[in-house]
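Predicted, not measured: the structure shown is a model, and the values here were computed from it. Throughout, residue positions are numbered sequentially from 1 according to the sequence presented. When a ligand or atom number is given, it counts from 1 through the structure's own listing order.
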Amino acid sequence: MTHERPRARSRLLHQMTRSLRPPLLLAISLAATAGAAAQPPRRTAVPPPSCSAVTQQTCSTAQALGRGINLGNMLEAPREGDWGVKLEPVYIDQVAGVFDTVRVPVRWSNHAALTADARLDEAFAKRVDQVVDALLAKGVHVIINMHHYNQLSGNPLHPNEKEVDPAVMDTRLVNMWRQIAQRYRDRSPRLLFELLNEPHGRLNGEAWNTLAPKVLAAVRATNPTRAVLIGPGEWNSVHELKKLRLPPDRNIIVSIHNYDPFDFTHQGVQHLAKPFPLGTTCCDARQRKAITDALETARQWSAANGHPLHLGEFGTYEKVDLPSRVAYTRFVRDEAERRGIPWTFWEFASEFGVWSPKTGEWVEPLRRALLD
Ligand code: GLC
């Protein structure tokens with residue numbers, strides 16, 4: 001925990017201040033090779049550590065999540081485009097051509113009524129439909145979530161984010177999910193719901209243990225068996241798994257995030273309250289141990305508790321030196337996969353990205369580290 005605290009604090013301050021500098025799209029122009037998109041989808045060969053608490057179908061779904069990508073900084077910006085990237089149709093072709101799973105972070109909370117009923121904005125919901133359906137049509141697994149509902153965890157608002165009365169905050173979460181679940185009730189089981197990205201702050205511990213079952217119940221009213229992802233507090237930290245109390249439901253996959261070593265992955269990020277200097281490379285024995293300890297903690301929790309895992313986010317900022325980004329990416333990928341943990345890399349085309357919107361090409365060494 002001593003190791004976790006500074007990181008958690010940094011993450012909080014990061015979120016509080018990120019809006020001061022919207023993500024930059026610094027093009028990293030590296031030679032892309034022909035045939036990059038020809039890579040066939042691949043699945044995690046190692047089965048989950050345990051599936052004793054889930055159905056056979058959810059166990060298979062967890063394993064099929066395989067290798068994936070986040071379409072980050074797009075639909076979870078306060079308004080699409082606010083953070084420099086829009087979810088272009090060509091991105092759907094790019095990611096679906098090479099990954100098994102696409103996680104689509106969505107900021108529903110800023111596109112819903114501010115009252116308790118949280119009626120979804122239909123134009124925005126249709127935009128999400130378009131993305132979800134285009135991805136499902138490509139045959140990949142798709143994860144949609146509830147991303148950057150900042151007030152819920154006690155964070156200040158981003159610019160262009162609307163404030164809600166604290167008295168209706170939690171109810172809004174439940175009611176947004178009731179509508180989302182109803183909306184997608186007939187979609188393929190390849191569509192997964194993730195109840196909340198990185199609960200933290202006021203939601204840590206018992207608060208999330210109490211709220212998550214209410215949200216899940218709203219989903220289950222229309223989607224009795226769809227696989228749902230739920231993660232622990234402190235930004236989905238593996239160290240919080242021991243505090244996570246899941247509702248009795250046989251279709252839950254547990255989501256974890258890991259950016260260890262944080263001073264390496266987030267070096268140069270200027271909107272951290274106390275930015276880490278550039279120049280940290282990866283991965284020496286101490287750094288490798290930080291990564292494997294975290295993944296091993298998660299694997300052991302899964303083996304003991306019977307829910308398969310998903311590593312929903314890991315990645316590095318674009319200013320980190322490229323050979324180290326590549327070494328880190330391949331190492332995390334291999335260590336997760338050997339433990340039967342499927343993953344979605346953070347992220348596709350923004351400041352942690354594996355693809356450059358400026359050149360229209362993959363950052364090829366990073367792509368290879370994820371997929372070859
Ligand atoms: C966070 C968030 C994401 C953020 C990323 C990098 O966990 O989910 O929105 O940009 O990590 O710091």
Side-chain angles (χ1 to χ4, degrees), residues 4 6-26 68-80 82-85 87 102-110 143-153 155-161 194-201 203-204 229-240 255-276 294 310-320 325 328-329 332 343-354 366:
E4 194 54 19
R7 195 204 112 166
R9 193 160 49 240
S10 308
R11 300 273 282 158
L12 176 61
L13 292 166
H14 159 50
Q15 296 292 342
M16 287 167 57
T17 55
R18 83 171 293 161
S19 50
L20 299 178
R21 190 187 67 78
L24 271 182
L25 291 180
L26 175 67
I69 188 82
N70 280 279
L71 289 177
N73 285 359
M74 299 173 188
L75 298 186
E76 88 281 22
R79 298 169 310 194
E80 185 179 2
D82 276 4
W83 289 352
V85 269
L87 207 160
V102 182
R103 182 171 179 258
V104 185
V106 184
R107 194 186 302 225
W108 297 99
S109 60
N110 211 37
I143 300 171
I144 54 170
N145 74 352
M146 179 74 55
H147 208 102
H148 289 322
Y149 185 4
N150 285 315
Q151 258 184 276
L152 205 57
S153 287
N155 288 358
L157 302 175
H158 289 147
N160 295 329
E161 184 179 4
E194 181 187 331
L195 298 189
L196 186 64
N197 180 64
E198 300 189 339
H200 60 275
L203 281 186
N204 276 333
L229 292 139
I230 300 180
E234 284 292 348
W235 317 85
N236 292 157
S237 164
V238 299
H239 304 291
E240 294 286 301
S255 171
I256 52 167
H257 291 182
N258 197 267
Y259 285 97
D260 290 338
F262 200 68
D263 62 336
F264 164 72
T265 61
H266 279 65
Q267 63 187 287
V269 174
Q270 286 309 307
H271 46 290
L272 290 178
K274 202 168 164 245
F276 299 106
H310 181 247
L311 175 60
E313 292 186 17
F314 70 102
T316 51
Y317 187 50
E318 63 193 359
K319 290 197 178 150
V320 179
R325 293 183 80 190
Y328 160 91
T329 302
V332 176
W343 47 263
T344 42
F345 181 72
W346 187 267
E347 34 69 24
F348 180 59
S350 189
E351 53 187 8
F352 282 57
V354 61
L366 267 185

Please list, in number order, the atoms of ligand 1 under 4.0 Å from a heavy atom of Tyr259. 5 (C), 6 (C), 7 (O), 11 (O)
With a cut-off of 4.0 Å, which atoms of ligand 1 are near a heavy atom of Phe352? 6 (C)
Would you mind checking if Lys319 and Glu351 are paired as a salt bridge, meaning a charged N to carboxylate O distance below 4.0 Å? no
Is there side-chain contact between Thr329 and Leu366, with heavy atoms separated by less than 4.5 Å? yes
Mutual orientation of the aromatic rings belonging to Tyr259 and Phe262 [parallel < 30°, tilted 30-60°, perpendicular > 60°]: perpendicular
Within ligand 1, which atoms have a heavy atom of His148 less than 4.0 Å away? 9 (O)
Is Tyr317 in contact with ligand 1, taking contact as a heavy-atom separation below 4.0 Å? no
Looking only at heavy atoms of Trp346, does any of them come nearer than 4.0 Å to an atom of ligand 1? yes
Could you tell me whether the side chain of His200 reaches within less than 4.5 Å of the side chain of Asn155, counting heavy atoms only? yes
So do Leu71 and Val85 actually touch side chain to side chain, heavy atoms under 4.5 Å? no
Looking at Asn160 and Asp82, what are the two nearest heavy atoms and their distance? ND2-OD2, 3.0 Å
Need the ligand 1 atom indices (1-based, order shown) with element for anything under 4.0 Å from a heavy-atom of Asn197. 8 (O)
If we only consider heavy atoms of His266, is any one of them less than 4.0 Å away from an atom in ligand 1? yes
Measure from the ring center of Trp346 to the ring center of Phe314 and say whether it is less than 6.0 Å. no
Tell me which part of Glu347 gets within contact of ligand 1: side chain, backbone, both or neither, using heavy atoms under 4.0 Å. neither
I want to know if ligand 1 touches Glu76 in the polar sense, i.e. an N/O pair below 3.5 angstrom. no
Could you list which atoms of ligand 1 come closer than 4.0 Å to a heavy atom of Glu198? 1 (C), 2 (C), 7 (O), 8 (O)
